[in-house]
Amino acid sequence: MGSFTRDQWLTIITFVVVNFCNAMCVSMQAPFYPREAVKKGLAVWNFGLVFGAFEITVFFVSPIIGANLNRIGVKKTLNLGIGAVGIILIGYGCLGFIQDGKTFLGASFVMRIFEACGNSMFLTGSFSAIAREFPDKVASMFAMIELFFGVGEIVGPVVGGALYEVGGFTLPFAVMGSILFLSSIFIYFVLPDTPRPVVEIDENAVKPSMKNALSKPAICIALFKVASAASSLGFLQTTLEPHLHDIKPPLSSFQVGALFMVVGGTYGLSLPLWGYLCDSKLTKNSPKFVEVIGAIFITAGFLVLGPFKYMPFKKTLASVIVGMTIHGFGLGASVVGGFSDAHRSAIKAGFPDTIDTYGLVSGLWTSVFAFGAFVGPTFGGILYDAVTFRWAIFLVITAELMSLVMLIGYLCYELCGTPKPDYQRMDSSRDEVSDLPASTYGSTNGTANGNVPVTEPRIRKFSESVGRSYVASAVARSMSVSRPTGFMSAGLGVGSQDRRRGEVDPLIA
């Protein structure tokens, strides 16, 4: 880090502060929004759909924002996104004055959709800026920012609950919304305007478009791994609490919440390690090896959580903690590895090394994470009711095994296939680099063929100069708002299962 420039340090400080504040706003609603909705006559599934609308909106909007990021501008996208979220949160506080349940629900839907659009702009812009500013350390930088996002998510519910006790439903939204709006002003004055590098247009380069990106197997495999990891976390948000109801002695809602902190803690602590491994030169494709580790860990974690029928132990609190810990490590590897792999694969596939590519791939990453965050809780709850937790876990296990097979197959193809020439990443201050030998066919050296014209070294274009250690950036769901906070906050699966058992919903009691 000592080699970072002043602008890079300002970029790091900006994203650390804003992501921390954003995470607090994302998670603060958990203690009181469901309770307020029930007071107005709404069922759990009603406000669960409000949070689900957030994920679906992010899924559709993020690729569009990513494809037009260069046209809008990174800094403007960040400002508009986080500023819009702050204003909408302030408007959320006004919902407390609405007494009619249907009106409250409809207004919540509208604001949640606009909030999702703002967060999509912020996330896609921040991921792209990280990829542009730290092309050789992007995985490590993303891991550090995700760590602060995770801390914000832990602090958010505490701050939100305290503000709710002091000033009711309106105060938490007013305070946190104002903080986010001030964060947009902070971005405007602190985040440096990075000049766009002069890039030669390569007619042979792949045009950055969603169609071209999704036609590349390496990119699709990375995106599928991200979606499966997001669905695994969403699955637990819906099904873990009812899965624990028969543990003796019974767990309180605080203890159940502490189990989710096990996932968040191991996820956050492991991020620097996975970022370092992705940026390392240990292998030719370090991010995909990290994703393989992530798939193995998530699969193992769910087999322990079940536990799988043929495991030599029964469900206990200790086994659940072990399973959640293993899952947290696997989640970190999958999120960081998938984010890094998607960008790196795009560059290797011939996409230009420009903000257009960064924005496109970042938008796709955010989109598939949101899709996984929606699929996991939705189908997890259905399967839990149909076949119980022990067998419902195979929704996640099957997805992870599929990603594992694809990853290993691709790595074998890459290792056993025709080796491609290595490229050296050029210095960002230069537009050209001569890296091919001067001698050509028919010549031996400059001295022996003094009268024989020797061809000048081939000048490689900027977009062709891809470094061996290039790793592009990836979470934060929710992790960032593109992650499954919605269903977690709504407590889906908790209220419905508790009522079936004749218990009182701990969120709204």
Side-chain angles (χ1 to χ4, degrees), residues 139 212-236 267 270 274 277-278 280 282-311 323 326-346 348-349 361 364-365 367-376 378-380 383 387 389-420 471-472 474-475:
N212 288 335
L214 296 178
S215 67
K216 308 301 179 184
I219 299 177
C220 290
I221 292 172
L223 294 178
F224 182 84
K225 183 68 197 76
V226 170
S228 66
S231 67
S232 72
L233 185 61
F235 179 94
L236 289 179
Y267 168 83
S270 67
W274 304 129
L277 291 177
C278 286
S280 70
L282 296 177
T283 66
K284 290 184 178 181
N285 202 335
S286 298
K288 274 194 163 54
F289 279 100
V290 170
E291 289 174 272
V292 168
I293 297 173
I296 294 173
F297 274 28
I298 291 178
T299 301
F302 270 77
L303 289 175
V304 174
L305 280 171
F308 182 50
K309 182 178 180 181
Y310 299 105
M311 287 288 187
I326 297 173
H327 175 256
F329 280 110
L331 183 67
S334 300
V335 168
V336 176
F339 189 66
S340 172
D341 185 22
H343 282 274
R344 181 172 182 172
S345 297
K348 290 179 66 176
V361 179
L364 287 173
W365 186 94
S367 177
V368 297
F369 201 110
F371 182 73
F374 176 78
V375 170
T378 303
F379 289 93
L383 288 175
V387 295
F389 185 90
R390 170 173 285 187
W391 297 107
I393 59 175
F394 282 92
L395 170 69
V396 173
I397 292 174
T398 301
E400 292 299 326
L401 291 178
M402 288 174 61
S403 64
L404 187 61
V405 169
M406 289 188 289
L407 286 165
I408 293 176
Y410 184 87
L411 288 171
C412 290
Y413 170 79
E414 190 177 60
L415 294 174
C416 301
T418 304
K420 296 182 178 180
V471 180
V475 133

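The model shown is predicted, which means the values in this text are computed figures rather than measured ones.
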Compare all side-chain heavy atoms of Ser232 with those of His327 and state whether any distance is below 4.5 angstrom.
->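 When only atoms from C-beta onward are counted, His327 and Ser232 do touch, with a gap below 4.5 Å.
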
Any side-chain heavy atom of Val375 sitting closer than 4.5 Å to one from Phe235?
-> no

Residues 390-407 vs side-chain hydrogen bond (donor to acceptor under 3.5 Å, both in side chains), sequence neighbours excluded, gives Lys225-Glu400, Ser228-Glu400

Heavy-atom donor-acceptor pair, [X] side chain to [Y] backbone, under 3.5 Å:
X	Y	answer
Ser334	Gly330	yes
Ser280	Leu277	yes
Trp274	Phe329	yes

Candidate pair Phe374 and Phe379, rule ring-ring contact (aromatic ring centres under 6.0 Å, His included), full reasoning | CA-CA 9 Å; Phe374 176 78; Phe379 289 93; 7.9 Å; no

Distance (rounded to the nearest 0.5 Å) between [X] [atom1] and [Y] [atom2]:
X	Y	atom1	atom2	value
Arg344	Ser286	CZ	OG	6.0 Å
Phe371	Leu223	CZ	CG	12.5 Å
Ile219	His343	CD1	NE2	10.0 Å
Leu404	Ile397	CG	CD1	12.5 Å
Leu305	Ile326	CG	CD1	8.5 Å
Phe302	Leu236	CZ	CG	4.0 Å

Stepwise side chain to side chain contact (heavy atoms under 4.5 Å, CB included) check, Val361 with Trp365 = CA-CA 6 Å; Val361 179; Trp365 186 94; 5.5 Å; no

With side chain to side chain contact (heavy atoms under 4.5 Å, CB included) as the test, would you mind laying out the steps for Phe394 and Phe308 before giving the verdict?
-> CA-CA 10 Å; Phe394 282 92; Phe308 182 50; 3.3 Å; yes

Distance-only criterion, 3.5 Å: show the donor-acceptor pairs between side-chain atoms of residues 287-298 and protein atoms not counting sequence neighbours.
unit_1	atom_1	unit_2	atom_2	d
Lys288	NZ	Ala218	O	3.4
Lys288	NZ	Asp341	OD1	3.0
Lys288	NZ	Asp341	OD2	2.6

What heavy-atom pair brings Ala392 and Leu383 nearest, and what distance separates the two atoms?
->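 In this case the closest contact between Ala392 and Leu383 is CB-CB, 3.7 Å.
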
Does the pair Val226 and Val335 meet the rule for a side chain to side chain contact (heavy atoms under 4.5 Å, CB included), with working shown?
-> CA-CA 6 Å; Val226 170; Val335 168; 5.9 Å; no

